[in-house]
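Below is one structure, written out as structure tokens, with a few remarks after it.
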Amino acid sequence: MSLSEQQQAQLEKVQLDASWKYGLSEFLLSPKMDELKDFLVQEKHANKVIYPPSALIFNALNTTPMPHVKVVILGQDPYHGPNQAHGLSFSVQKGVALPPSLRNIFHELHNDLGIDISKHGDLSRWAEQGVLLLNSVLTVEAGQPTSHQKRGWEDFTDYVIDVLNEQREHIVFILWGAYAQRKGQRIDPNKHLVLKAAHPSPLAANRGGFFGCKVFSKSNNYLKQHGIEPIDWQLDA
């Protein structure tokens, strides 16, 4: 996409890693993005508390630049409690109690690779190694789960997945639950590894299909097969 001087200036204002900023420029400059920004401005003018904080909305993309993506773990929308969401799917900031889904993820990691269960839920170390922790919806109103669905974020994150699918190869996509798996229909399984399992939430995980999915070892085996450095899933290194 060839950009005019005005579009270049508009992009420069976006607080986003350069690889994503230009890789996603067509969407970032589109009316859909304008509508999404207008919605968020209106919510703030109505004195609604939005999570995560503005500076962390694009944390997943800023922590894991596009060329560094090895694995994508797709979530639904951010946690809606205070001090929880910080822009990485399933992750919470240090000092915050582990949500049930994350506790189950850690148990599966322990059973799969023998890694000790972390005392904290900050998954930044995964993101820094190339695990894109992407929620489908990047914001939420405090105390109102799913409140920002169908406001435009789904189109934005569809575009992120499309760009990765088309421009990269040998990425592992981890899709937990029906919601993520529907979004994963955009992925070419001939170019990438798509791993599906039940959602780690207690209700879904206890019905079966999550525990024993071994996505962590399967991801690393696939990466190694294609000459890519595997992920060190240990958080307390």
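This structure is a prediction, so every number in the text was calculated from the model and none was measured.
Atoms NE2 and CH2, on His148 and Trp153 in that order, are 10.0 Å from each other to the nearest 0.5 Å. In this structure, the separation between CZ on Phe173 and CZ on Arg186 is 11.5 Å, given to the nearest 0.5 Å. The CD1 atom of Ile50 lies 7.0 Å from the CG atom of Leu40; values are rounded to the nearest 0.5 Å. The CG atom of Asp38 sits 12.0 Å away from the CD atom of Glu43 when rounded to the nearest 0.5 Å. With rounding to the nearest 0.5 Å, the separation of CG in Leu16 from CG in Leu61 is 5.5 Å. The OG atom of Ser118 sits 8.0 Å away from the CG atom of Leu123 when rounded to the nearest 0.5 Å.
Residues Pro99 and Val92 come closest through the heavy atom pair CG-CG1, 3.7 Å. Nearest heavy atom pair, residue Leu102 against residue Phe90, reads CD2-O, 3.3 Å. Residue Trp20 comes nearest to Leu28 through the heavy atom pair O-CD1, 4.5 Å, listed as atom of the first residue, atom of the second, then distance. Closest of all the heavy-atom pairs between Pro100 and Pro202 is CB-CG, 3.4 Å. The nearest pair of heavy atoms linking Asp232 to Arg125 is OD2-NH2, 3.1 Å. Heavy atoms only, all atoms of each residue included: Asn165 and Lys191 are closest at O-NZ, 2.6 Å.
The closest donor-acceptor contact from the side chain of Trp126 to the backbone of Trp233 lies under 3.5 Å. Side-chain atoms of Gln167 do not come within 3.5 Å of backbone N or O of Val163 as any donor-acceptor pair. Within the 3.5 Å criterion, the main-chain N or O of Phe27 finds no donor-acceptor partner in the side chain of Lys32. Without hydrogens or angle criteria, Ser219 side chain to Val215 main chain gives a donor-acceptor distance under 3.5 Å. Formation of a donor-acceptor pair under 3.5 Å by the His192 side chain with backbone atoms of Ile171 is found in this model. Between the side chain of Ser147 and the backbone N or O of Glu141, at least one donor-acceptor pair lies under 3.5 Å. Judged by distance alone, with hydrogens and angles left aside, the side-chain atoms of Arg168 form a donor-acceptor pair with the main-chain N or O of Met66 at under 3.5 Å.
Think of Leu56 as one node in a network of Ile, Leu, Val, Met, Phe, Trp and Tyr side chains linked at under 4.5 Å; it has no links at all.
Considering only residues two or more places apart in sequence or on other chains, His80 meets the side-chain contact (heavy atoms from CB on, under 4.5 Å) condition with Val140, Pro145. The side-chain contact (heavy atoms from CB on, under 4.5 Å) test applied to Ala197 returns Trp176, Cys213, not counting sequence neighbours. Evaluation of the side-chain contact (heavy atoms from CB on, under 4.5 Å) rule for Lys94 yields His120, Asp122 as partners, not counting sequence neighbours. Evaluation of the side-chain contact (heavy atoms from CB on, under 4.5 Å) rule for Lys214 yields Glu108, Asp112, Ser217, Lys218 as partners, not counting sequence neighbours.
The shortest side-chain heavy-atom distance between Val172 and Val72 does not fall under the 4.5 Å cut-off. Taking 4.5 Å as the limit, every side-chain heavy atom of Gln144 sits out of range of all side-chain heavy atoms of Lys48. Looking only at side-chain heavy atoms (C-beta outward), Val71 and Ile174 come within less than 4.5 Å of each other.
Follow the hydrophobic side-chain contacts under 4.5 Å out from Leu133 and you never reach Tyr51; the two are in separate clusters. At a threshold of 4.5 Å between side-chain heavy atoms, the hydrophobic network of Ile, Leu, Val, Met, Phe, Trp and Tyr places Leu138 and Val49 in two separate groups.
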Assess whether side-chain contact (heavy atoms from CB on, under 4.5 Å) is satisfied between Val14 and Glu12, documenting all intermediate values.
CA-CA 6 Å; Val14 180; Glu12 286 302 314; over 6 Å; no
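For the residue pair Thr157/Lys183, the side-chain donor-acceptor check at 3.5 Å is satisfied. Counting only N and O atoms by type, the side chains of Tyr179 and Ser136 include a donor and acceptor under 3.5 Å apart.
Aromatic pair Tyr222/His226: ring centres closer than 6.0 Å.
In the displayed structure, Gln6 atom CD is contacted under 6.0 Å by at most 12 heavy atoms of other residues, nucleotides or ligands.
Judged as a side chain to side chain donor-acceptor pair (under 3.5 Å), the pairs with a partner in residues 52-70 (not counting sequence neighbours) are, in order, Lys44-Ser54, Asn59-Thr63.
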